[in-house]
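Just below is one structure, and these are the notes that go with it.
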2 protein chains.
Amino acid sequence: MTLGEAGLTLAPVGRETVQDRVYSELRRALISGLFAPGQVLTIRQLADALMTSTMPVREALGRLISERALEALPNRSIRVPPISLERIDDLLRTRILIEGEAIALAAPRMTAANIDTLRGYMTQWQVLRLGGDPATVDQEAALNQAFHFEIYSACGSAVLIPMIESLWLQSGPCTRAAIFAFSEAGESDSAHFHHNMIDALASGKAQAAREALVADISRPFAFLRNKLLSKEIAA
Amino acid sequence: MTLGEAGLTLAPVGRETVQDRVYSELRRALISGLFAPGQVLTIRQLADALMTSTMPVREALGRLISERALEALPNRSIRVPPISLERIDDLLRTRILIEGEAIALAAPRMTAANIDTLRGYMTQWQVLRLGGDPATVDQEAALNQAFHFEIYSACGSAVLIPMIESLWLQSGPCTRAAIFAFSEAGESDSAHFHHNMIDALASGKAQAAREALVADISRPFAFLRNKLLSKEIAA
DNA sequence: ATGTTTGATCTGTGATCACACTTGATTTGA
DNA sequence: TCAAATCAAGTGTGATCACAGATCAAACAT
């Protein structure tokens, strides 16, 4: 009798290399906006902070550079890409295109379990906001990410999903500031758009889901855009 | 008197590392389909073939893996991703979405010089086909790539273009077989679609350009799809 | 004859070192 | 006093070595 016949399915154990851990850590730091746009990163400094040798770090940095999450200057120094008005608009337009397609593809494929998971995220999120602790902004961001990718994963495209991950990686340093400002201003009712997305997905309305998503991801970008414009005028 | 005052503008010399050369070479090999889908690549073997140490090779492979041009198996071995029906459809659908958007964005931005360059590519291509030498298939592919990216570059999006490059990298091993079969069958009149694209772009008709592009990139995929289906039936 | 163990070989990974280049402060020169 | 030259610290890059795990074939036991 094999394991399969016994009803047991073993998940692949999947050995994790040091490079993978470094990559995940840098990725998390980038998406949550730990590094400021324009900040230069050095291999040895990161290796010290992560308590490894330079080897895993340089390979992880190479991967992040090829995903456009980091930028290699002609000086051979590495920095997180600085933000500009053109880049913000470019990122938002592309995210609307690709993530909009992903949610439209996912709409007819969402299971009841998927919908339940989404609703669960929203209640968790509500609990966080009721606490009123401003230190929960990182957890909120993580919850937001989990919410979106629960949807995208259902689209069934092994090509689209890595692209969306790359886009989040690129817009992470940008949107961090916007989300933080949102949380302070108390006007972070993107929960409204999330509930719209859930309702649309639950009833299989692809176009409505896409529109709710576009509204959701456009808001922080528009906020950041205004902030950048006023700062430019001030300078 | 500075160089600028003398009217001289020097282009940055841009030192090229060994890793960059290895990366470009592997990239070229992948797009032109030198490696078969499913083929496993080893670092030391590539390092020997490229006459360098393993160091630049492993970093170049890491970059290609994060672009999904190569695949890291849980065995830690590296291979070019095998083709499947789902993957083909996935790649084509995504390419239609993204490259279609790119050409629509490029349509109102094309200069007369751009159009001339495109026409020049077509005449070069015609010369190649008049020669009738079957060994020119690689040059034809290079010309086709130059044609498409002359357009995409005009879209002005620093986010979209790397994504398109990644998509070409992923579909390279797939379409190679199709292009080759086309050339043998003599039915490679994708020149028709290219001329349609030029005409649409020259008159700024974004939608028409998009449709011509979709027809152009769909053909080899449809061909490959049929080939894969008949082979599956035969097996 | 079949299934298991063993052994050699090859693989990717990580660490360490050497080197060329950049950078910034210090010293030197007019 | 100020600009130019100089020196030292720090950077990414590439090479080489050590090591654990994978792979496959031969030898073994059942």
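Order of the sequence lines sets the chain letters (A, B, ...), proteins ahead of strands, with each chain counted from 1.
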Lys/Arg N to Asp/Glu carboxylate O, A:Arg219 vs A:Asp216, below 4.0 Å: no
Which whole-number value in Å describes the distance from B:Glu16 CD to D:dT13 P? 13 Å
Just how far, in rounded Å, is C1' of C:dT11 from CG of B:Leu41? 13 Å
Just checking, is any N or O donor in the side chain of B:Thr117 or B:Asn114 under 3.5 Å from an acceptor N or O on the other one? no
Which of D:dG12, D:dG14, C:dG12 is nearest the side chain of B:Arg76? It is C:dG12
Kindly say if A:Thr17 contacts the phosphate of C:dT13, meaning a side-chain N or O under 4.0 Å from OP1 or OP2. no
Within this structure, what is the CD1-to-P distance between A:Ile78 and C:dT23, rounded to whole angstrom? 14 Å
How many whole angstroms separate atom CG of A:Leu73 from atom C1' of C:dC21? 15 Å
Can we call the ring centroids of B:Trp168 and B:Phe149 under 6.0 Å apart? yes
Considering only heavy atoms, which members of residues 43-71 of chain A lie under 4.0 Å from some atom of DNA chain D? A:Ile43, A:Arg44, A:Arg58
Short side-chain donor-acceptor distance under 3.5 Å, B:Arg68 and B:Ser166: no
Using atom CG of A:Asp20 as one end and atom P of C:dG12 as the other, report the distance to the nearest whole Å. 15 Å
Just N and O in the side chain of B:Asn75: are any of them under 4.0 Å from OP1 or OP2 of C:dT11? no
Using 30° and 60° as the class boundaries, would you call the ring planes of A:His194 and A:His148 parallel, tilted or perpendicular? perpendicular
Looking just at side-chain N and O atoms, do B:Thr17 and B:Gln19 make a donor-acceptor pair shorter than 3.5 Å? no
